[in-house]
Amino acid sequence: MYETKNPPLTPELYAYVLQHNPPLDPVQRELVEVTHKQLGDDAGMQSAEEQGPLLAFLVRLVGARRVIEVGTFTGFSALSMAQALPADGTLIACDISEEWTAYGRQAWAKAGVADRIDLRIGPALDTLRALPADPVIDFAYLDADKENYVNYWEELVPRMRPGGVIAADNTLFHGRVLDPRATGSTAGIQAFNERVHADDRVEAVLLTVADGLTLARRRP
């Protein structure tokens, strides 16, 4: 049997984790709280609070200037990454909802990073396929409809520069990835995990962060 070294994540332990991570700034905190207040159950689509500082850390770690986000929702993850970009950096944010991303637009402007975020409303696959094929993307964050994860992956990987990183959220999908009869979004995540694991264009790790986070680095 495999033995986990992960302790049970009690509310107290989770609070301890957040207390020992970089704190959210006032604009980030307000956006998180507004999302939960205004959107109810849909707020569960927001990236976990600890993922904001993690995404910013990764953007800085790879020295990213060109970032793609597939799935923006109310803009918390985009805000976190844009704040980590240099002044001349650009984040293309893909989403289909004007309503949800309106919360993000307000927060991005308040944080002074709206000029770094190019929000594109429409099917993300269309947006990705319209991008130049040149491998110039430094960092990508994937957090949209799970049934299209493999399709997004196939558009993103060739466009990543050597050493560029893709982060994919929800790759444990609430533990449902173990279901042999999975359909829909769960089956999409299962197919994605198998595709990434077999893809020799990248080196990848699947981490037990939040709902599962896969990090993949484009090989030289």
Could [X] and [Y] be called an ion pair, given the rule that one side-chain N must be under 4.0 Å from one carboxylate O?
X      : Y      : result
Glu30  : Lys37  : no
Glu49  : Arg29  : yes
Arg159 : Glu155 : yes

Would you indicate whether [X], at its atom [atom1], is surrounded by more than 12 heavy atoms from other residues, nucleotides or ligands within a distance under 6.0 Å?
X      : atom1 : answer
Leu125 : CG    : yes
Asp88  : CG    : yes
Tyr16  : OH    : no

Looking at every non-hydrogen atom in both residues, tell me the closest pair between [X] and [Y] and how far apart they are.
X      : Y      : value
Trp108 : Gly75  : NE1-O, 3.2 Å
Gln46  : Leu31  : NE2-O, 3.9 Å
Pro135 : Pro158 : CB-O, 3.6 Å
Ile96  : Gly122 : CG2-O, 3.5 Å
Met81  : Leu55  : CG-CB, 3.8 Å
Ser80  : Ala56  : O-CB, 3.6 Å

Would you confirm whether [X], through its side chain, and [Y], through its main-chain N or O, come within 3.5 Å as a donor-acceptor pair?
X      : Y      : answer
Thr10  : Leu13  : yes
His197 : Asn193 : no
Asp145 : Glu147 : no

Query - salt bridge (charged side-chain N to carboxylate O under 4.0 Å, His left out) between Glu154 and Arg201, intermediate numbers included - result: CA-CA 11 Å; Glu154 295 301 341; Arg201 296 173 297 177; 3.1 Å; yes

With a 4.5 Å cut-off on side-chain heavy-atom distances among I, L, V, M, F, W and Y, is there a chain of contacts connecting [X] to [Y]?
X      : Y      : value
Phe139 : Ile68  : no
Ile189 : Phe73  : no
Val62  : Ile137 : no
Leu91  : Val165 : yes

From [atom1] ([X]) to [atom2] ([Y]), nearest 0.5 Å:
X      : Y      : atom1 : atom2 : value
Ile166 : Asp138 : CD1   : CG    : 12.0 Å
Gln38  : Tyr103 : CD    : OH    : 4.5 Å
Leu128 : Tyr152 : CG    : OH    : 7.5 Å
Leu156 : Asn151 : CG    : CG    : 11.0 Å
Glu69  : Leu142 : CD    : CG    : 10.0 Å
Ile92  : Asp118 : CD1   : CG    : 5.5 Å

List for me each residue that meets side-chain contact (heavy atoms from CB on, under 4.5 Å) alongside [X], sequence neighbours excluded, and say none if there are none.
X      : value
Ala111 : Val27, Leu79, Gln83, Val113
Ser47  : Gln51, Phe76, Ser77, Tyr141, Asp143, Asp169
Val17  : Asn21

Report task. Kindly state each residue pair satisfying salt bridge (Lys or Arg N to Asp or Glu O under 4.0 Å) with at least one member in residues 170-187, sequence neighbours excluded. Result ->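 Listed once each, the pairs would be none.
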
Report task. List the steps and the verdict of side-chain contact (heavy atoms from CB on, under 4.5 Å) for Thr72 and Ile117. Result -> CA-CA 11 Å; Thr72 297; Ile117 301 175; over 6 Å; no

If you look only at distance, which donor and acceptor atoms sit under 3.5 Å apart when one is on a side chain in residues 205-220 and the other is two or more places apart or in another chain?
unit_1, atom_1, unit_2, atom_2, d
Thr208, OG1, Asn6, ND2, 2.8
Asp211, OD1, His174, N, 2.6
Asp211, OD2, Asn170, ND2, 2.9
Thr214, OG1, Thr171, OG1, 3.1
Arg217, NH1, Glu203, OE2, 2.8
Arg218, NE, Val157, O, 3.0
Arg219, NE, Asp200, O, 3.1
Arg219, NE, Val202, O, 3.2
Arg219, NH2, Val202, O, 3.3

Requested in this report: Scan side-chain atoms only and decide if Trp153 and Asp199 contain a donor-acceptor pair under the 3.5 Å cut-off.
Outcome: yes

Do [X] and [Y] touch side chain to side chain, with heavy atoms closer than 4.5 Å?
X      : Y      : value
Tyr149 : Arg195 : no
Lys146 : Gln190 : no
Glu50  : His20  : no

Query raised in the report: Got a sec, which residues hit side chain to side chain donor-acceptor pair (under 3.5 Å) with Arg116, two or more places apart in sequence or on another chain?
Result: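 Expected list: none.
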
